[in-house]
Each structure stands twice: as structure tokens, then as C-alpha cells.
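Input: a single structure, listed below in C-alpha cells.
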Amino acid sequence: MDDFVKEKLAEWGLSSLKDIFEQNMIDYESLLLLRGPELKEMIPMVGPRTKLQKNLQRLQQAETELVGTNIPQYLRLLEMDLEANQEKAIRKQPYVLALGDMLSPTQVFLMAERLAIEHDSTIAAIDACFKAFYVLNIEYPPACKNVWRFLQHACYGVEGGEREINPTVRSLITAMKKE
């Protein structure tokens with residue numbers, strides 16, 4: 001169970017279900033996919049199950065609304081989220097937002113300072129995002145800094161931060177340079 005699920009259960013007043021969710025390895029993705037039969041099996045008691053179903057419906061609807069071309073609505077939701085959580089902003093900037101199928105998105109954006117800059121391809125958006133990090137001298141987000149460091153050294157040939165490179169990333173870069 002990830003932090004998102006723990007926070008949602010607490011927010012919905014259903015922290016008592018935490019053990020059940022951990023036993024069933026419910027993370028963000030599986031939470032969005034939960035349906036009636038699985039819920040009935042996991043949570044036989046009607047009261048907590050109906051509360052969970054109501055909140056899940058709202059969450060699934062909110063998540064579904066983000067998929068599509070409604071970028072102004074996404075930016076409004078992002079703005080509200082940033083205002084509500086100023087100390088711990090959920091989205092670090094800049095980042096790439098891809099809408100549609102994961103392997104072939106229908107739209108790709110570079111998100112920076114509450115602006116959505118559309119790009120023709122995922123590669124173009126990643127390229128623009130890397131350049132934004134570099135030009136603005138912004139630290140890479142911890143969750144994906146190894147990916148950005150790999151791109152920095154292997155694809156762009158930009159030196160710097162060698163001491164911070166993960167050993168696995170360093171060996172991959174070395175192996176690529178040999179070929």
C-alpha cells in the first residue's frame with residue numbers, strides 16, 4: 001500500500017481498512033480499478049464498503065476527468081492543489097504530462113509554472129523539460145533524478161554532478177560509450 005492510499009483512507013475516515021488494503025497490496029493504480037465484486041470480497045461489512053464505494057466513485061471520476069484535452073481544468077485543479085498544500089506541493093516543476101495511452105499518448109505537455117506547453121511528441125516534451133531544468137538551474141526531483149542524470153550524461157553530454165550519479169546509471173553510461 002502506498003502513501004496515496006493511506007492518505008485517502010484517512011481522509012475518508014476509513015483508516016480501519018488499512019490492514020485489509022495492505023494484505024491485498026492495494027496501491028494507487030489498483031485503488032482506481034477496484035469494483036463491486038472485489039470490494040464485496042475484501043470488505044464484507046456493508047457500512048464501510050458503501051462509504052468506500054462512494055468515495056472511490058468520486059476519486060475515479062476526478063481522475064478520469066484529467067484524461068483528455070481539458071488542460072484549463074487540469075491547471076485549475078493544480079492551482080487549487082498548490083494553494084491547499086503550499087508547504088508540500090505535490091507536483092515538482094517542470095514535468096511532462098502525457099494524456100491518453102501510456103505507450104502512445106494523444107497529447108504531451110511540458111508543465112512549468114502552471115503553464116501547459118504542448119509538444120508534438122513525448123521525446124520533444126522530455127527534451128524541453130530537460131532544457132528547462134538545465135537553463136533554470138533547477139534540481140532534478142528525487143524520484144526521477146537518476147533518469148535525468150542519465151539523459152544529462154548519455155544523451156546530452158553535459159558534465160556535472162558526477163558524484164551524485166547512481167552506480168548503475170554510471171555503468172550503463174560507460175557501457176554505452178564503449179559501443
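- Between the CG atom in L9 and the NZ atom in K18 there is a gap of 9.0 Å [rounded to 0.5 Å].
- Atom CG in L151 sits 11.0 Å away from atom CG in N146 (nearest 0.5 Å).
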Determine, step by step, whether Q152 and F133 satisfy the side chain to side chain contact (heavy atoms under 4.5 Å, CB included) criterion, reporting the C-alpha distance in whole Å, the side-chain angles of both residues, the deciding distance to 0.1 Å, and the verdict. CA-CA 10 Å; Q152 174 185 335; F133 278 120; over 6 Å; no
Please walk me through it: do I126 and W148 pass side chain to side chain contact (heavy atoms under 4.5 Å, CB included)? CA-CA 10 Å; I126 290 170; W148 289 115; 4.1 Å; yes
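- Contact detail for P48 and I43: the closest heavy-atom pair is CB-CG2, 4.2 Å.
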Stepwise, does the side chain to side chain contact (heavy atoms under 4.5 Å, CB included) test hold for R170 with R149? CA-CA 9 Å; R170 186 185 315 275; R149 289 246 184 256; over 6 Å; no
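- Heavy-atom minimum distance, P105 versus T122: CG-OG1, 3.5 Å.
- A distance of 14.5 Å separates SG in C144 from CZ in F150, rounded to the nearest 0.5 Å.
- Cluster membership check: L110 does not share its hydrophobic cluster with V108, using side-chain heavy-atom separations under 4.5 Å among Ile, Leu, Val, Met, Phe, Trp and Tyr.
- Closest approach of M42 to F21, counting heavy atoms only: CE-CE1, 3.9 Å.
- Nearest heavy-atom pair across V5 and I26 is CG2-O, 3.7 Å.
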Dump the intermediate steps for side chain to side chain contact (heavy atoms under 4.5 Å, CB included) on H119 and Q107, then the final yes or no. CA-CA 8 Å; H119 289 274; Q107 289 181 292; over 6 Å; no
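- Note: the hydrophobic cluster containing L115 does not contain L97 (ILVMFWY, side chain heavy atoms under 4.5 Å, direct or indirect links).
- Residues A116 and F109 come closest through the heavy atom pair CB-CD2, 3.8 Å.
- Both L32 and W12 sit in one connected hydrophobic cluster of ILVMFWY residues. Membership requires side-chain heavy atoms under 4.5 Å apart, directly or through other members.
- Salt-bridge formation is not detected for the pair R35/E38: no Lys NZ or Arg NE/NH1/NH2 atom is positioned less than 4.0 Å from an Asp or Glu carboxylate oxygen.
- L33 and L52 are members of different hydrophobic clusters when ILVMFWY side chains are connected at heavy-atom separations under 4.5 Å.
- Heavy-atom neighbours of K8 NZ from other residues, nucleotides or ligands within 6.0 Å: above the threshold of 12.
- Using bins of under 30°, 30° to 60° and over 60° for the plane-to-plane angle, the ring pair F130/Y156 lands in the parallel bin.
- Atoms CE and CG, on M25 and D2 in that order, are 13.0 Å from each other to the nearest 0.5 Å.
- Residue I117 is not grouped with residue L99 when hydrophobic side chains (ILVMFWY) are merged at heavy-atom distances under 4.5 angstrom, including chains of intermediate members.
- Between the CZ atom in F4 and the CD atom in E11 there is a gap of 8.0 Å [rounded to 0.5 Å].
- Between P94 and A132 the shortest heavy-atom distance is CG-CB, 3.8 Å.
- Results of the side chain to side chain contact (heavy atoms under 4.5 Å, CB included) test with K51 over L14, L17, L56 single out L14 as the only residue that passes.
- Separating the NE2 atom in H153 from the CG atom in L172 is a distance of 12.5 Å, to the nearest 0.5 Å.
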